Amino acid sequence: MIKLSKMLRLDDLKSTQPEYLESIFSIANGHLGIRASDPISPSDNAGTIVNGFYEESNIIYGEKAYGYAEKNQTIVKLPDLRQIEIYDENDDKFIHTQLQDMKLDMAQGILHSTYKISNAKNEFINLELTGVVNQEKSQFIGLRYKISSDDYKGKIRLVQDMKFGETAQDSDDPRKSREITTLQYDNVLTSQNQNVLRITTENSQLFIEMGLTTDKNLKQTFSLANTPITFDVIAAVGNINQEISLDNVPTFEEIELESKHFWKNFWNQSEVKIDGDDQLDQAIHFNLYQLESSAGRDGKTNISAKGLSGVGYEGHYFWDTEMYMSPFFAYTNPKIAADLIAYRYNILPEAKKRARTLGVKDGALFTWRTINGKEASAYYPASTAQYHIDADIAYSIYRYYNVTNDDQLIKKYGLEIVLETARFWTNFGSFTKIDGQQKFCFFDVTGPDEYSAIVNNNYYTNRMAKFNLTFAIELIEKFPEKAQQLGVSEDEIKEFTTIRDAILLPFDKEKGINEQDDSYFKKPIWPFEQTPKESYPLLLHYHPLTIYRYQVDKQADTLFADFLFDDISKDQLVKEFDYYENITTHDSSLSRSIFSALAARLGLKDKAYSYFIATAKTDLIDLQGNTNDGLHIANLGGSWVAIVSGFGGIQIKDGLLYIQNNLPKLWNKLTIRIQYQGRLLNIEYTQNNTKVTIISGDPINIVVNGVKSTVEK
Ligand code: BGC
């Protein structure tokens, strides 16, 4: 029996926008995603997305300067594979659809939808469509159509082919995608029950092949008089620049079986159960299901801001991966976390070039928005200037290494990335005398909060750079041979150490808290009281320079550093939380999860809980108002961070696993599964108890609620 927690069904389908449903019920496997479109009259957003399949176009600037990003990279919306045409005996199309039901079975990875469809004479038939994607052989999608008569009893004729999709329209909203006019479509195979379409991008010079195999000859006519007709369509979507073969296409049943195994195994490794609130329990399952579905698993692709659920943010990869999504993978499926690191390693040569373009003579600077490694953002104040992405990537390696102890990855990719990013910081920053002391500063940077830009000494950036250097030194000492191969000298280690110790961390003595950047507290506070509700998110209603003049945060910034490093006193943290909370709009979906996790750590249970509710349900209640364009994948990962690090108090400090029971008052029990250094752990929190069980692996020393103990199997 399928538990309700792993079944998503929405109550009010009729008044829900189709584009929203397409995102919520999209199914994917890291390589491809299909939106849950209406098969008869799909919306303009319907279609298939292949991770990393993009077209380029020139960025047109009114005024251009040296080193600006040159080209847009835009994820291609490929033909919608669910579409079908149904004709009646008079060759009139069944054209009106009413969605009856849609349910996503997250225990097995199967999407069921049912529709009532009518022709011009108002005669009805029923269509049931079941969709499932292969998770391991990631090219295949199984679609099963069942058509039955309602009051129409005549014959029908079917057409199932791939319609060339509409691409997105250009928009003023920077979070949307853009139009592509340079795709070429070629039919490379058309036979009785198979056809293959090749889509080529003119500028990025990539192609993808999509094929359909049907188990019935759809060209005949079918009678609906007595029995329903059922037929399967197996779609294949190849890898980029590879031809597909339709010789050994799996059956629908094979795809279904594989999917069931995959998700069973997934939940076994990654389960998070909330006992005490069924809606939140369902929401967290939905979030983890969609997060897993969006992750590239081949080392060549990554996780875009919208995953494979929509084309918002043009399919770009951001720091979202390292700071919000990869924690979940490191702790539940380290192979994927490693693949995400491998992707960064693959674009390291581009990152080195980018550092040179920025006038930094050594090291690497990863780009802010990208698919192919080159910068794709035309607005440098909120992109290239977010240098912190370098340290974020180093941090994801640190986290992965702490959780897995995987020396191999460090030797293969990790050390080199950490070293090149550390080198960037030392060559990018400079010494300045402040209060009689030489301080190492980073000028003209943008922190995570995109409502301030091009500031000096952003606290988060500086703290992360300090971490990046610390970690580089640690790895160099641990892997001296590899470090030598990478050209590390004694002098360089000394330089890293001196700079690390001298990095300025802005602190306001009067307020007794860390200051977001050198000038932050000198600015006036945003006039919140005079700002009507409709003017949020501010980014859509005010010129960036208006926003930059004020103390107002789009998302967690200094508090994010506090959360990661846990290195300030509780008193200071309480003050800091309070201060920044009052000026944060949460206009970015990346914000609330961090507030929730920190509040839980501070014992602010009610606050932690209300931030968590908003985080967990962001897409299910369309909190940001733009789930139409795709899910907020960083936030999905953030909801896991909020539960696991916040309520579950899980942290690794000095090589030890800490667990702290911060269970919300309203919950009876929380169960979390994580992997830790080769073990699978099950952790159960109740109001009075915390129970850690080793499901597989060796005994372990951990600190539970402040007490050090050994857990045997
Ligand atoms: C946030 C960024 C984030 C991007 C993509 C923006 O709104 O401010 O931090 O990387 O969205 O999710």
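These figures come from a predicted structure and were not determined experimentally. Counting starts at 1 for both ligands and their atoms, following the listed order.
Remark: side-chain polar atoms of Arg592 are not paired, donor with acceptor, to backbone N or O of Gly638 under 3.5 angstrom.
Atom 7 (O) of ligand 1 has as its closest protein heavy atom Lys554 NZ, 2.9 Å. Residue, atom and distance of the protein heavy atom nearest to atom 2 (C) of ligand 1 are Glu450 OE2, 3.6 Å.
The atoms of ligand 1 that sit less than 4.0 Å from any heavy atom of Leu590 are 3 (C), 9 (O), 12 (O). Which parts of ligand 1 touch Ser588 is read off a 4.0 Å heavy-atom cut-off, strictly below it: atoms 1 (C), 8 (O).
For a threshold of 3.5 Å applied to N or O pairs, the pair formed by Trp368 and ligand 1 contains no separation below that value.
Heavy-atom proximity to atom 1 (C) of ligand 1, evaluated over Gln555, Met323, Gln624, His316, is greatest for Gln555. Of the candidates Tyr313, Tyr317, Phe318, Trp319, Tyr313 brings a heavy atom nearest to atom 11 (O) of ligand 1. Closest heavy-atom approach to atom 12 (O) of ligand 1 within the set Thr321, Asp320, Ile389: this belongs to Asp320.
Neither side chain, Glu22 nor Ser37, offers a donor N or O lying under 3.5 Å from an acceptor on the other. Defined by atom type and a distance below 3.5 Å, a donor-acceptor pair is missing between the side-chain atoms of Asp517 and Asn457.
Heavy atoms only, all atoms of each residue included: Ser270 and Thr332 are closest at OG-CB, 3.8 Å.
Residue Phe329 is tested with Val403, Ile336, Asp339 for a side chain to side chain contact (heavy atoms under 4.5 Å, CB included); the sole match is Ile336.
The side-chain heavy atoms of Ser593 and Val641, taken from C-beta on, include no pair separated by under 4.5 Å.
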